[in-house]
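Right, one structure below, let's go through it.
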There are 2 protein chains.
Amino acid sequence: MTWTIHHGDALAVLPTLPTASVGCIITDPPYNSGGRTATERRSDSIRGKYVNGNAKHALADFAGDNRDQRSFGYWLTLVLSECLRVAEPGASALVFTDWRQLPATSDALQAAGWTWRGVIPWRKPISRPCRDGFRRECEYVLWASSGPPARHPEPVYLPGLVEGSQPRGKERRHITQKPVAVLRQLVRVSPPGAVVLDPFAGAGSTGVAALAEDRAFIGCEITEHYATIARERLTAAAADGAGAVGEPVG
Amino acid sequence: MTWTIHHGDALAVLPTLPTASVGCIITDPPYNSGGRTATERRSDSIRGKYVNGNAKHALADFAGDNRDQRSFGYWLTLVLSECLRVAEPGASALVFTDWRQLPATSDALQAAGWTWRGVIPWRKPISRPCRDGFRRECEYVLWASSGPPARHPEPVYLPGLVEGSQPRGKERRHITQKPVAVLRQLVRVSPPGAVVLDPFAGAGSTGVAALAEDRAFIGCEITEHYATIARERLTAAAADGAGAVGEPVG
DNA sequence: AAGGGCGATGAATCTCTAT
DNA sequence: AATAGAGATTCATCGCCCT
């Protein structure tokens with residue numbers, strides 16, 4: 001299957017894509033959680049928020065994680081509106097979020113014109129316990145569609161909850177990287193052969209999952225460092241395809 | 001441990017309870033979901049909305065499931081404000097909701113003055129599949145506290161996700177009945193000996209779980225039919241207590 | 001008593017028809 | 001044309017009966 005990684009801001013790249021050209025959107029926007037105060041959220045370093053002070057890995061920061069909640073909602077609505085334009089009628093959108101931004105993310109999806117269809121918890125077996133409280137064990141995937149959802153040629157029934165630990169060791173290239181096994185399950189919400197779009201591609205895991213499931217992929221990543229990593233991983237993933245020639249486009 | 005079931009509307013009963021007298025609130029308010037249109041959501045019969053046409057059981061309808069979304073939020077804020085007054089400083093509130101009402105419920109909790117602390121998915125192994133989409137497998141428990149959460153004398157670490165099937169067969173007394181095993185895990189967010197309050201007690205499962213975990217219980221139920229069932233179940237649960245004499249109060 | 005087989009069912013959703 | 005109502009649908013799970 002073919003793939004493309006655009007290097008640039010989602011709000012600059014999405015308008016260049018043709019209307020109704022994409023069958024599925026799967027993405028993990030930078031959601032500024034963590035810091036309780038606007039000041040904490042606007043702190044310069046992502047690592048300070050998401051990574052233990054003594055963590056040994058040296059993953060690069062990512063951009064766009066310093067909005068306050070109001071402008072997060074506004075900005076995400078703009079992005080998701082462009083995604084709706086680019087989406088074919090009946091396409092699904094799957095948007096990752098944490099518990100704190102779930103309401104703002106569902107508002108943005110609906111404000112952008114998507115029909116909200118459900119929530120899929122993502123359970124991370126490796127997660128922090130919390131004294132005298134509940135472990136923070138799940139993130140969430142919001143599921144929406146552009147109008148009535150398209151019917152697949154062959155019916156599929158997908159799970160209501162996905163499980164998988166974040167990649168560790170040298171598999172891990174990005175601070176918020178998702179397991180490919182989880183993304184492969186999500187990709188199946190699109191019909192086989194669909195084009196999958198990820199406007200915040202990061203290290204490209206959505207694309208790796210899309211190619212593995214015989215879908216095409218268009219990604220967009222603002223940080224040069226990660227765009228390069230994504231291209232490397234997608235080249236490798238395309239070569240892995242059973243007999244399929246990896247054909248990077250664009 | 002002692003227990004009470006008040007028969008009446010939560011908004012009438014809560015104001016009669018003393019300020020700062022309760023250590024934990026666990027409840028499942030009637031959240032009017034289901035139905036594509038406002039009219040369908042406001043339909044008179046719960047069975048018509050939520051139960052398979054050919055289901056054989058004959059469980060009674062429950063009250064209060066006919067609000068539109070705006071008044072749901074308004075009404076729930078009123079209830080949760082009274083709950084906050086009744087709660088001791090540091091008390092937790094655990095509020096069940098489905099995916100559709102999760103944002104409105106988190107708004108109501110915060111508007112009422114509670115500090116939102118997290119979401120615990122409840123996974124139900126028995127759930128409906130969805131063609132070409134994700135099974136609706138989870139409901140959600142929103143966790144909040146009245147100011148900074150109280151410390152337990154002995155630390156406890158609770159799960160970030162709870163699992164359990166709805167009671168079936170003759171165990172089942174209410175359409176939306178929760179498994180006691182799930183509620184027992186949730187009750188542990190309160191210190192041992194605390195008073196647990198459920199303003200929408202239904203068939204009283206929260207009380208059964210509270211007694212089993214050595215907490216006292218105050219419940220409130222508007223439908224006479226269910227208030228009676230709750231009293232029966234609590235009487236039995238108190239008698240089951242290892243040596244403890246069941247002492248209904250009020 | 002343990003285990004296999006059968007059947008019921010889920011805090012719906014979707015389609016089609018009648019008003 | 002919008003709304004209301006009736007009927008079909010889908011499968012993992014679990015109760016219950018029968019060996």
Side-chain angles (χ1 to χ4, degrees), chain A residues 89-90 92 115-120 143-145 147-152 154-163 185 188-189, chain B residues 27-69 72 76 95-105 121-142 162-183 198 200-203 205-206 223 226:
Chain A
S92 280
T115 304
W116 188 20
R117 305 205 57 219
V119 176
I120 305 111
W143 172 34
S145 65
R151 282 217 150 193
H152 290 214
E154 292 298 322
V156 290
Y157 293 89
L158 300 167
L161 181 139
V162 291
E163 300 196 47
Q185 295 198 281
R188 293 184 194 129
V189 78
Chain B
T27 198
D28 181 28
Y31 42 83
N32 42 284
S33 279
R36 258 170 322 154
T37 65
T39 317
E40 274 176 31
R41 274 195 294 274
R42 276 185 249 117
S43 107
D44 289 336
S45 161
I46 306 294
R47 276 190 66 97
K49 265 161 66 174
Y50 299 131
V51 180
N52 263 358
N54 53 357
K56 288 206 184 74
H57 64 71
L59 298 170
D61 279 1
F62 56 90
D65 198 71
N66 49 1
R67 294 178 177 86
D68 70 20
Q69 190 158 41
F72 169 76
L76 188 57
V95 183
F96 281 84
T97 181
D98 76 345
W99 64 273
R100 209 186 284 266
Q101 298 292 15
L102 195 161
T105 305
W122 167 35
R123 177 164 181 260
K124 299 180 287 187
I126 306 177
S127 49
R128 281 199 168 87
C130 176
R131 190 188 156 151
D132 299 337
F134 299 92
R135 176 179 282 268
R136 268 164 252 274
E137 193 164 342
C138 294
E139 286 183 38
Y140 300 91
V141 184
L142 299 197
V162 291
E163 300 195 49
S165 289
Q166 276 194 303
R168 300 185 128 196
K170 77 187 184 52
E171 290 295 302
R172 185 160 179 236
R173 315 296 293 273
H174 193 285
I175 293 180
T176 71
Q177 190 170 331
K178 309 288 174 281
V180 171
V182 163
L183 292 164
D198 183 351
F200 307 101
S205 303
T206 302
T223 305
Y226 288 120

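So you know, we letter chains A, B, ... as the sequences are listed, proteins then strands, and number each from 1.
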Counting only non-hydrogen atoms, which of residues 122-138 of chain B are less than 4.0 Å from DNA chain D? Pro125(B), Ile126(B), Pro129(B), Arg135(B)
Would you say a side-chain N or O of Ser165(B) is under 4.0 Å from OP1 or OP2 of dC14(D)? yes
Between the protein and nucleotides 1-3 of chain C, are there any N/O to N/O pairs under 3.5 Å, and if so, what are the atom names and distances?
none

CG of Leu59(B) versus P of dT9(C): gap in Å, rounded? 10 Å
Atom-to-atom span, CD of Glu139(B) to P of dG10(C) - whole angstrom: 13 Å
Donor-acceptor contact present, side-chain Arg172(B) to main-chain Ile175(B), <3.5 Å: yes
My understanding is that a pair needs two contacts under 3.5 Å, Watson-Crick or G-U wobble. By that rule, which nucleotide pairs with dT10(D)? none
Tell me the interatomic distance from Glu154(A), atom CD, to dT10(D), atom C1', rounded to whole angstroms. 15 Å
Phe134(B) and Trp143(A) aromatic ring geometry - parallel, tilted or perpendicular at 30°/60° bounds: perpendicular
To the nearest Å, how far apart are Arg168(B) CZ and dA8(C) P? 12 Å
OH of Tyr50(B) versus C1' of dG10(C): gap in Å, rounded? 13 Å
Short side-chain N/O contact from His57(B) to OP1 or OP2 of dA8(C), under 4.0 Å: no
Regarding the side chain of Trp99(B), the nearest nucleotide among dT13(C), dG10(C), dT9(C) is dT13(C)
Between NZ of Lys170(B) and C1' of dC14(D) the distance, given in whole Å, is 16 Å
Rounding to a whole Å, what distance do you find between Arg172(B):CZ and dT13(D):P? 18 Å
Whole-Å distance between dA12(C) P and Asp65(B) CG? 11 Å
